[in-house]
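Working notes, structure below.
All residue numbers in this chain count up from 1 along the given sequence. Bear in mind the structure is a predicted one, so any value in this text is a computation, not a measurement.
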Amino acid sequence: MKILDRYILITYLKTFLSVFIILMLIFVLQTIWLYIKELAGKDLDMVVVVKFLVYFMPKLIPLVIPLTILLSSIMVFGSFAENYEFAAMKSTGISLQRAMSGLSIFIAILGFTTFMFSNNVIPWAEYNSLNLRKNIAKLKPEMLLAAGQFNEVGDYNIKFENKTGKEGDYSLNNVVIHIKGQDKNKNTRLIKSKTGKFKSKETSKVLKLILFDGNYYNDLFRKSFKERSKSPFVKSKFDTYTINIDLSQINNNVDIDDKSTTDRYNMLNLSELNYTIDSLIEKRSNEHETLSKSMYLRANISKLKNITTPSIKLKATSKNTINLETDSIYNGEILDLFKTKQKTQLLDLALRNVTSTKQILETKRAGQKEFKKNYNKHIISFHEKFALGFACVILFFVGAPLGALIRKGGIGLPMVIAILLFLTYHFIGIFATNSAKSGDFNPILASWFSTLVMFPLGVFLTKRATADKGLFEVGNILEPLKKIFNIKPKDGISYKFLHAYKNEELINVIKNFDSLGHHEDSRYEAIKILNSRGIEINELRDSGITINKTFNTSKTISFNYKAHSKFAIVLYNIGIVLLLLFFVFKNNKLPSLQSASIQLSIVSLFLYIVYYLKSVINLTRFYKHINKKEKYPNIIILILGIPLYMLVFPFLNVKINEDLKQNCLDCLK
């Protein structure tokens with residue numbers, strides 16, 4: 001290892017370790033604050049608390065490591081640039097890429113280590129932390145009961161609006177309690193009360209819940225359907241009702257080291273995830289096959305297959321039995337063969353069959369939705385392990401050149417920039433994964449999405465830092481805007497005076513601009529004024545002005561481009577407005593207007609695409625004709641122009657006007 005590489009690596013490692021320790025402490029404190037309700041008042045010894053923190057620390061690595069790499073890279077390379085160390089390196093012929101090369105090897109090794117850590121250590125931590133939390137929650141459950149949600153305590157599911165007071169004497173408002181039945185599944189009893197109170201002592205094995213001013217509901221199940229409809233439940237009213245919840249089975253027999261939960265997706269490594277995903281796919285395939293067979297049998301299609309004649313005669317032999325007899329003559333409606341009462345019975349039977357089938361499909365659809373969510377979670381967990389390692393490398397190539405560009409080390413500005421970039425990276429990942437879990441986004445792409453977003457930024461920053469350019473060139477943004485809004489610089493030349501000239505004087509300006517003391521651009525402005533007065537290019541040639549005939553073609557192509565681009569912008573605006581109106585009509589439940597607006601919007605946007613493509617073809621012809629292909633607009637801008645034409649349209653217009661003007665001046669002799 002060369003001295004320079006060793007120096008950069010040691011400097012980076014010092015900063016990296018310092019930032020890592022500080023960030024880890026911050027996130028650990030945030031974890032304690034987040035789970036303080038689960039730990040406080042549980043009489044836990046220090047060993048359990050330490051276990052809790054040890055199990056949670058590995059889960060912080062996906063947050064801490066990327067932020068540490070980003071912040072350390074900005075700080076170290078910003079400090080090098082601020083102290084002119086990069087200037088000294090460049091003076092000896094060492095580029096930024098050469099300075100980063102040694103450190104890149106370390107980051108690649110760190111990325112691979114992070115991948116191995118996420119594949120082996122983080123699943124172990126998830127497995128232990130979840131089981132430990134479940135076991136801790138069984139100790140003193142009244143401490144953990146949260147307002148606004150159902151809390152399971154033994155056979156009771158308790159929900160209340162808010163909780164006030166101190167340990168051992170909590171007051172509750174708007175209490176709802178579901179009590180499990182003997183089969184531990186059905187909630188056959190329900191209690192509702194306006195207020196309630198927990199009464200318990202530290203040494204007591206019973207949790208006393210006193211309810212005030214409420215009702216007790218108990219479902220009754222009869223053998224006959226008719227009896228069930230007559231007595232659906234029993235209701236009783238109470239002023240005070242006391243429930244004693246036995247905590248002996250909850251508090252005293254809790255094994256803190258119990259690890260019975262093993263089936264969560266975030267507890268599995270790559271091989272286990274791969275096996276589970278294959279099992280889920282096979283399970284889904286079997287369920288689909290079972291459902292299809294069930295629907296096939298319910299439809300009685302197998303019986304209909306036995307009927308081979310083109311027409312059927314149905315003969316009612318009894319109330320509920322129908323015989324099928326072949327008849328090659330009858331071709332009318334089948335229902336016409338039956339009496340009114342039999343028709344009613346048949347239609348009622350068909351309706352009930354369709355309704356029950358629909359209910360089965362609705363139930364299966366809900367189950368499939370949950371299955372898909374679980375399947376997507378496994379896919380995301382599988383790919384996130386790879387994405388985390390690559391994210392370390394990508395964020396290094398974002399942070400290192402960014403530090404060299406901002407030329408600022410230390411904690412201040414680099415910290416702000418690093419946090420903003422990391423929050424962008426982190427929240428993009430959260431939104432993508434949440435969408436993927438619900439099935440709205442591809443789960444594989446969601447795992448890589450934030451890394452893919454950062455990748456082009458890393459390439460852009462590395463190129464600019466290597467070329468020793470600034471972070472942004474404001475002139476490249478402001479100049480086109482000034483031309484769009486026709487803002488003249490303070491020292492700019494105005495050609496308004498040419499409008500007062502007569503045609504002969506304008507022709508003289510074109511011929512003798514230099515001797516008259518005018519700028520070369522005045523020739524083009526004079527031609528524009530003459531064209532507006534009805535004097536075309538051919539007439540100017542007759543007046544003694546030498547202008548290449550290729551300019552006529554250039555002007556025609558640019559005119560076609562402007563015509564097509566104007567059509568495109570009009571159609572684009574109409575399509576977008578109609579699309580917005582579609583959502584307005586949809587929210588206001590106006591189906592006829594909704595249908596008309598979406599159809600017209602689709603037609604407008606389709607025509608917009610046609611005219612947009614025509615304008616792009618005209619652009620290609622124009623730059624090919626003037627032999628300036630290098631000035632052709634960037635392909636990325638043209639692609640972005642499809643959804644964002646309102647923004648791209650003005651810039652393209654300014655560009656083609658400038659290039660047409662230069663072509664005109666080149667054609668003048």
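In this structure, the side chain to side chain donor-acceptor pair (under 3.5 Å) partners of T550, at least two apart in sequence or on a different chain, are N548. Considering only residues two or more places apart in sequence or on other chains, E504 meets the salt bridge (charged side-chain N to carboxylate O under 4.0 Å, His left out) condition with none of them. In this view, R98 and D5 satisfy the salt bridge (charged side-chain N to carboxylate O under 4.0 Å, His left out) rule, not counting sequence neighbours. Taking K528 as the reference, nothing meets the salt bridge (charged side-chain N to carboxylate O under 4.0 Å, His left out) condition, with sequence neighbours excluded. Applying the side chain to side chain contact (heavy atoms under 4.5 Å, CB included) criterion to T556, with sequence neighbours excluded, gives N560. For H625, the side chain to side chain donor-acceptor pair (under 3.5 Å) partners two or more places apart in sequence, or in a different chain, are S554. Partners of N442 under the side chain to side chain donor-acceptor pair (under 3.5 Å) rule, at least two apart in sequence or in another chain, do not exist in this structure. Shown here are the salt bridge (charged side-chain N to carboxylate O under 4.0 Å, His left out) partners of E520, two or more places apart in sequence or in another chain: there are none.
Screening residues 353-362 for salt bridge (charged side-chain N to carboxylate O under 4.0 Å, His left out), with sequence neighbours left out, gives E362-R365. Each salt bridge (charged side-chain N to carboxylate O under 4.0 Å, His left out) pair with one or both residues in residues 532-559, not counting sequence neighbours, would appear here, but there are none.
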Do any side-chain atoms of residues 59-69 form donor-acceptor pairs under 3.5 angstrom with protein atoms, and if so which ones, sequence neighbours left out?
residue	atom	partner	partner atom	Å
K59	NZ	S129	OG	3.3
T68	OG1	V64	O	2.6

Can you give the donor-acceptor pairs under 3.5 Å from side chains of residues 571-585 to other protein atoms, not counting sequence neighbours?
residue	atom	partner	partner atom	Å
Y572	OH	P643	O	2.7
N573	ND2	I569	O	3.1

